[in-house]
Amino acid sequence: QVQLVESGGGLVQAGDSLRLSCAASGRTFSRYAMGWFRQAPGKEREFVAGISRSDGSTYYADSVKGRFTISRDNAKGTVYLQMNSLKPEDTAVYYCAATIYMSARVTTSSVAYWGQGTQVTVSS
């Protein structure tokens, strides 16, 4: 069992930056590939970024490539999402996710554990 707790969301202006954190309980954090997803009102949950469990390789949605960076600290059991040059269309609830698969290409169907979500609102 893994519990994920996100933090770092908030209200910012377009062009600003935010860093989301996701702290995982338990001692098996390094066994999971990790991902960030987001869900805007009236839309389906979508993949944002993922990081593998082994070599730290990363994968991003086209909409955030070059602006967002995912990283992990296995010693702290934490995964981060650095979000720069935020846009109003980035407004959503952001969810942390863990999967037993190795790849950074985390899919919704492969997720074993979800966090509770943190709201990010970007004003224009």
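Keep in mind it's a predicted model, so treat the numbers as computed, not measured.
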Exercise for the section: For residues 10-20, pull every pair meeting side-chain hydrogen bond (donor to acceptor under 3.5 Å, both in side chains), keeping only residues two or more places apart or in separate chains. Expected result: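 Of all non-adjacent pairs touching residues 10-20, those that pass side-chain hydrogen bond (donor to acceptor under 3.5 Å, both in side chains) are Ser17-Asn84.
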
Does any part of the side chain of [Y], heavy atoms only, come nearer than 4.5 Å to the side chain of [X], both counted from C-beta?
{"X": "Met83", "Y": "Asp90", "answer": "no"}
{"X": "Trp114", "Y": "Thr108", "answer": "yes"}
{"X": "Val48", "Y": "Leu81", "answer": "yes"}
{"X": "Val2", "Y": "Tyr32", "answer": "yes"}

Handout entry: Point-to-point distance, once rounded to the nearest 0.5 Å, from CZ of Arg105 to OG1 of Thr99
Key = 14.5 Å

Practice task
Starting at OG of Ser30, measure out to CG of Asp73 and round the result to the nearest 0.5 Å.
Solution key: 11.5 Å

Could you pull out the closest heavy-atom pair between [X] and [Y], with the gap in Å?
{"X": "Gln119", "Y": "Thr91", "result": "NE2-CG2, 4.1 Å"}
{"X": "Cys96", "Y": "Val79", "result": "SG-CG1, 3.7 Å"}
{"X": "Val5", "Y": "Gln116", "result": "CA-OE1, 3.7 Å"}
{"X": "Leu4", "Y": "Cys22", "result": "CB-SG, 3.8 Å"}
{"X": "Ile70", "Y": "Tyr60", "result": "N-OH, 2.9 Å"}
{"X": "Thr107", "Y": "Phe37", "result": "C-CZ, 3.9 Å"}

Exercise for the section: Using a strict 4.0 Å threshold on nitrogen-to-oxygen distance, state whether Lys65 and Asp62 make a salt bridge. Expected result: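 Asp62 and Lys65: salt-bridged.
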
Exercise for the section: State, without any angle test, whether Ser52 and Ser57 hold a side-chain donor-acceptor pair at a distance under 3.5 Å. Expected result: yes

Practice task
Go through the steps to decide whether Val111 and Val106 satisfy the test side-chain contact (heavy atoms from CB on, under 4.5 Å), and finish with yes or no.
Solution key: CA-CA 7 Å; Val111 172; Val106 183; 3.9 Å; yes

Would you say the side-chain atoms of [X] pair up with the backbone N or O of [Y], donor to acceptor, closer than 3.5 Å?
{"X": "Arg31", "Y": "Arg53", "answer": "no"}
{"X": "Ser21", "Y": "Tyr80", "answer": "no"}
{"X": "Glu6", "Y": "Gly117", "answer": "yes"}

Practice task
Evaluate whether atom CD of Gln3 has more than 12 neighbouring non-hydrogen atoms of other residues, nucleotides or ligands under 6.0 angstrom away.
Solution key: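 Atom CD in Gln3 is not crowded, with 12 or fewer foreign heavy atoms closer than 6.0 Å.
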
Are [X] and [Y] grouped together when hydrophobic residues (ILVMFWY) are joined by side-chain heavy atoms under 4.5 angstrom apart?
{"X": "Met102", "Y": "Met34", "result": "no"}
{"X": "Tyr94", "Y": "Leu18", "result": "yes"}
{"X": "Leu20", "Y": "Tyr59", "result": "no"}

Exercise for the section: Identify whether NZ of Lys or CZ of Arg in Arg72 sits under 6.0 Å from the centre of the six-membered ring of Phe29 and within 45° of that ring's axis. Expected result: yes

Problem - Cation over ring face, Arg38 and Tyr95, 6.0 Å, 45° - result: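 No, a cation-pi geometry is absent between Arg38 and Tyr95.
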
Practice task
Please find out if less than 6.0 Å separates the ring center of Trp36 from that of Phe68.
Solution key: no

